[in-house]
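The block underneath contains the structure these notes are about, expressed in structure tokens.
As the structure is a computational prediction, the values presented were derived from the model and not from experiment.
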Amino acid sequence: MTVISGSPGWYLRRLSRMGPQEVAGRAGDAVRRRRWRSARPNCPSVTGARFTAVLPAGAIAAVPPDAAKRLVAEADRFMYGHVEYFGVVRDDLTDPDWWCDPKTGRRAPWGYAFDVPYRNEDAVGDIKQIWELSRHQYLTVLAAAYAITGNERYAERVAEHLRSWWAANPPLRGVHWISGIELGIRLLSWVWIRRLLDGWPGAAELFEGNPVALNQIWHHQRWLAAFPSRGSSANNHVIAEAAGQFAAACAFGWFPSSARWRADALRSLERHLRGNTFGSGLNRELATEYHGLVLELGLAAVAEADAADVPVPATVRLVLLRMTDALAAIVDSRLRPPRQGDADDGHGLIVDGAGTNRWASLLATGDAVFGRLAWWPEVTGTDVRTPLLTALIKPAEPTVARPASRPAHFADAGLTILRGPGEIWCRCDGGPHGFLSIAAHAHADALSVEVRHDGVDVLADPGTYCYHGQPEWRQYFRSTLGHNTLQLDGGDQSVSGGPFLWTRHARSRVLAVDTSGTSDGGVARWCAEHDGYEPSVHRRRVELTPASRELMVVDEVRGQHTQRRAVHLAFHLGPAITADLTGNRAQLTWTRDGEDRSAVLDLPGQLSWRAHSGETDPPLGWYSAGFGRKEPSTTLVGTGFADGAERFTTVLRFRG
């Protein structure tokens with residue numbers, strides 16, 4: 001079923017997932033939006049404003065030469081007008097149209113911001129394409145290139161584009177004044193742009209000496225103070241809003257309301273960082289890229305607090321410490337974390353060039369701020385962001401116990417990592433469906449597994465690909481059939497009510513975990529079940545035997561169902577894997593670093609197996625390496641029936 005976001009039915013389903021307090025808050029927001037349509041106050045007069053949140057001496061000199069080289073190369077591509085967002089290459093960056101979607105060619109309509117139907121791609125275009133450029137994170141890269149090279153052409157381009165954007169997007173007019181996460185990230189970008197341009201003679205005239213800039217900064221903060229994400233929407237969005245508001249109120253604290261905005265934003269940030277994070281340190285959305293986004297935003301906010309000598313509650317640093325340790329625990333041998341849940345390539349702060357490993361950068365920052373533990377993986381890459389952030393953040397000795405060895409099971413998040421020789425890495429998912437009542441960024445992936453060998457996706461999580469405008473693809477990439485798990489009767493384990501809304505959540509529970517024996521040749525075991533196919537229960541057991549380099553997956557359909565249930569069991573192979581399927585055996589081959597690798601996948605004989613690749617009606621056999629990008633890959637699907645307590649056994653054996 002295709003669900004249209006913004007239809008009357010969608011609004012009713014969305015309303016059903018809200019509590020009374022959220023409904024009241026949103027009603028107040030609606031009243032305020034109507035009032036703001038005609039009441040647009042001017043920014044208070046500001047005199048004598050100075051920017052003091054500068055980088056300490058030596059911060060730029062601490063940037064490693066190879067990281068600086070990548071950054072400058074990226075900045076030069078931007079200067080020549082070239083950029084790629086979500087698989088769409090555009091060459092208009094020298095003079096961008098801030099309202100145009102290059103993918104569809106559509107321009108968002110002009111008018112009062114809250115009247116713009118941004119969910120309707122036919123009217124607006126692809127909203128992600130339009131919003132991304134206006135996060136101004138390419139301008140932080142240009143500003144960083146100026147700071148490193150001293151070449152004023154980078155600074156002049158930044159100034160030209162900021163003035164262009166401010167002129168084209170007056171407060172409350174148009175598509176860039178709709179979403180709080182966009183305003184929050186944009187404010188954070190402006191803070192860093194001003195900081196990195198500090199040596200440029202025109203910096204003060206561009207910002208604190210510019211009434212247009214002051215008006216924009218004030219209206220951004222006024223907006224964020226008035227319309228925070230609420231209730232069932234208080235996920236990563238509210239953290240971006242609070243972090244951007246806090247950063248601006250610290251660095252641009254020139255307004256009568258700055259102290260209040262700063263205090264309110266810090267309270268919100270502290271509350272929602274705790275609320276969005278399990279005690280184990282994993283993000284509650286169970287969408288790994290949002291773990292990275294929230295961690296980046298939190299570190300950036302702490303940097304602003306320390307630069308402005310604003311005390312931060314100890315709980316903020318504690319959450320960021322736990323998030324960093326959790327990230328170190330779950331990455332594979334190539335520092336890649338799981339591909340779990342939604343991913344839209346969103347970043348909190350970008351000052352690095354292409355080819356910089358985001359996760360290595362976060363671990364490097366964590367090492368500098370919190371100190372690495374003995375079991376952390378080695379980080380060999382370099383980045384620009386770490387020396388800049390850590391020049392501002394004041395290191396503090398952790399006052400809590402940290403894991404003495406690498407955690408493998410995160411009970412609160414239901415995530416387990418099994419590891420074996422030859423860099424075998426297996427993620428098992430037995431956690432909650434998602435976060436809050438709508439579980440916006442969840443996928444219907446209960447009990448799915450994700451298997452890699454030396455960082456190569458063997459049994460892959462296919463990814464996300466899109467959010468808006470292509471409902472059939474959005475539905476596929478977050479469906480049960482779109483993951484390495486079992487589907488009954490052609491339906492999803494959890495029920496979708498829209499592209500960011502789930503109306504029924506499958507409940508999973510982990511029954512057994514034992515990861516202690518793999519170091520001495522024992523067997524690692526995991527077992528979990530979920531209730532998404534009532535009255536049946538899907539139970540899965542996974543065993544990794546290091547001695548034989550063998551992974552066994554056993555699926556059972558249990559319960560008192562009185563009729564045969566149609567079974568589809570899917571295994572999605574990574575794009576590097578070639579599969580030769582004969583009967584119920586697949587020979588898998590791939591190449592890593594010039595070396596041929598192989599494995600054998602023995603599939604349940606009770607099912608009839610077919611290989612699918614690049615199919616579109618309906619979609620099947622696809623892998624999305626990043627938002628807006630997809631490529632054909634092989635998906636093996638077994639079909640059959642479960643008559644009673646059926647057991648389906650799959651064995652993956654790595655060779656060599």
### Message
Donor-acceptor pair, distance only, cut-off 3.5 Å: does the side chain of D352 make one with the backbone of D383?
### Response
no

### Salt bridge flag under 4.0 Å for residues D115 and R33
no

### Task
Not counting sequence neighbours, which residues clear ring-ring contact (aromatic ring centres under 6.0 Å, His included) with W359? List them please.
none

### Query
Which word best sums up how the rings of Y118 and W131 line up, parallel for under 30°, tilted for 30 to 60°, or perpendicular for over 60°?
tilted

#### Entry: Distance (rounded to the nearest 0.5 Å) between Q216 CD and L187 CG
9.5 Å

## Note on the structure
Sorted by chain and residue number, the ring-ring contact (aromatic ring centres under 6.0 Å, His included) partners of F278 (sequence neighbours excluded) come out as none

### Query
Does the side chain of T104 come under 3.5 Å of the side chain of E121 through a donor N or O and an acceptor N or O?
no

### Validation row, ring centre F78 to ring centre Y154 under 6.0 Å
no

### Message
What I'd like to find out is whether the side chain of V400 reaches to under 4.5 Å of the side chain of L321, using heavy atoms alone.
### Response
yes

### Query
Is the backbone of D76 close enough, under 3.5 Å, to the side chain of H82 for a donor and an acceptor to pair up by distance?
no

### Task
Please determine if R90 and D101 form a salt bridge, counting it only when a charged side-chain N lies under 4.0 Å from a carboxylate O.
no

Tell me which donor-acceptor pairs under 3.5 Å the side chains of residues 291-299 have, and how far apart each pair is, sequence neighbours excluded?
| unit_1 | atom_1 | unit_2 | atom_2 | d |
| --- | --- | --- | --- | --- |
| H291 | ND1 | N283 | N | 3.3 |
| H291 | NE2 | M323 | O | 3.1 |
| E296 | OE1 | G348 | N | 2.8 |
| E296 | OE1 | R358 | NH2 | 3.3 |
| E296 | OE2 | R358 | NE | 2.8 |
| E296 | OE2 | R385 | NH1 | 3.2 |

### Task
List in chain and number order the residues that pass side chain to side chain contact (heavy atoms under 4.5 Å, CB included) with P64, two or more places apart in sequence or in another chain; answer none if no residue qualifies.
D66, A67, T382, P387

### Query
Under the 3.5 angstrom rule, does the side chain of R32 hit a backbone N or O of A226 as a donor-acceptor pair?
yes

### Query
Is there a donor-acceptor pair under 3.5 Å between the side chain of T140 and the backbone N or O of S189?
no

### Query
So among F227, W223, W177, which one has a ring-ring contact (aromatic ring centres under 6.0 Å, His included) with W36?
F227

## Note on the structure
Applying salt bridge (charged side-chain N to carboxylate O under 4.0 Å, His left out) to R372 and not counting sequence neighbours gives E378

### Query
Any side-chain heavy atom of I393 within less than 4.5 Å of one from F370?
no

### Task
Identify the heavy atoms of I185 and A240 that sit nearest to each other, and give their distance.
CG1-CB, 4.2 Å

### Task
Starting at CG of L172, measure out to OH of Y112 and round the result to the nearest 0.5 Å.
5.5 Å

### Query
salt bridge (charged side-chain N to carboxylate O under 4.0 Å, His left out): which pairs involve residues 252-269, sequence neighbours left out?
D264-R267

### Task
Verify side chain to side chain donor-acceptor pair (under 3.5 Å) between N42 and W218, making sure each step is shown before the conclusion.
CA-CA 9 Å; N42 293 321; W218 184 80; over 6 Å; no

### Message
For a 4.5 angstrom cut-off between non-hydrogen side-chain atoms, does M79 reach L142?
### Response
yes

### Query
Could you give the distance from CG (L183) to CD (E241), rounded to the nearest 0.5 Å?
8.5 Å

### Query
Within the side chain of R186, is there an N or O that forms a donor-acceptor pair under 3.5 Å with the backbone of S134?
yes

### Task
Pick out which of R34, R35, R230 makes a salt bridge (Lys or Arg N to Asp or Glu O under 4.0 Å) with D29.
R230

### R163 to W166, cation-pi by 6.0 Å centre distance and 45° axis angle
no

### Query
Do V369 and V302 have side-chain heavy atoms sitting under 4.5 Å apart?
no

### Message
So, taking the atom named CG in D92 and the one named SG in C100, what distance separates them when rounded to the nearest 0.5 Å?
### Response
7.5 Å

Per-pair distances, 0.1 Å, donor-acceptor, side chain in residues 243-254, under 3.5 Å, sequence neighbours excluded:
| unit_1 | atom_1 | unit_2 | atom_2 | d |
| --- | --- | --- | --- | --- |
| Q245 | NE2 | Q221 | O | 3.1 |
| W254 | NE1 | R50 | O | 2.9 |

### Query
From E285 CD over to N235 CG, what is the distance, rounded to the nearest 0.5 angstrom?
4.0 Å

### Query
Any Lys/Arg nitrogen of R77 or E74 sitting under 4.0 Å from an Asp/Glu carboxylate oxygen of the other?
yes

### Query
Of the non-hydrogen atoms in A234 and H272, which two are nearest, and what is the gap between them?
CB-CE1, 3.9 Å

### Task
Drop me the distance from I239's CD1 to T277's OG1, to the nearest 0.5 angstrom.
6.0 Å

### Task
State whether the number of non-hydrogen atoms from other residues, nucleotides or ligands found under 6.0 Å of E160 atom CD is greater than 12.
yes

### Task
Could you go through the side chain to side chain contact (heavy atoms under 4.5 Å, CB included) check for V379 and D367 one step at a time?
CA-CA 10 Å; V379 176; D367 184 2; over 6 Å; no

### Message
Holding to ring-ring contact (aromatic ring centres under 6.0 Å, His included), I want the full list of residues that pass it with Y290, two or more places apart in sequence or in another chain.
### Response
H441

### Query
Who pairs with H161 by side chain to side chain donor-acceptor pair (under 3.5 Å), at least two apart in sequence or on another chain?
Y138

### Task
Show your reasoning for whether side chain to side chain contact (heavy atoms under 4.5 Å, CB included) applies to L362 and T324.
CA-CA 8 Å; L362 282 168; T324 307; over 6 Å; no

### Task
Quick one: list whatever passes side chain to side chain donor-acceptor pair (under 3.5 Å) with E208, sequence neighbours left out.
R194

### Query
Would you say the side chain of V158 lies within less than 4.5 Å of the side chain of W200, judging by non-hydrogen atoms?
no

### Nearest heavy-atom neighbours spanning V124 and P109
CG2-CD, 3.9 Å

### Task
Apply side chain to side chain donor-acceptor pair (under 3.5 Å) to R70 and list each qualifying residue two or more places apart in sequence or on a separate chain.
T356

### Message
Given 3.5 Å as the limit, does a donor-acceptor pair link the side chain of E289 with the main chain of D345, or not?
### Response
yes

### Message
Could you report the tightest heavy-atom contact between P337 and T288, atom names first, then the distance?
### Response
CB-CG2, 3.5 Å

### Query
Quick one: are L133 and L93 in side-chain contact, heavy atoms under 4.5 Å?
yes

### Task
Please check if the side chain of S233 supplies one atom and the backbone of S229 the other of a donor-acceptor pair under 3.5 Å.
no

### Query
Do the rings of Y467 and F500 sit parallel, tilted or perpendicular, given the 30° and 60° boundaries?
perpendicular

### Query
Which pair of non-hydrogen atoms, one from T386 and one from A364, has the smallest distance, and what is that distance?
OG1-CB, 3.7 Å

### Task
Measure the shortest side-chain to side-chain distance between L71 and V63 over non-hydrogen atoms and say whether it is less than 4.5 angstrom.
no

### Task
Kindly indicate whether the side chain of D344, heavy atoms from C-beta on, has any atom under 4.5 Å from the side chain of T464.
no

### Query
For T94 and Y80, which heavy atoms make the closest approach, and how far apart are they?
CG2-C, 4.0 Å

### Query
By side chain to side chain donor-acceptor pair (under 3.5 Å), which residues pair with W190, not counting sequence neighbours?
H136

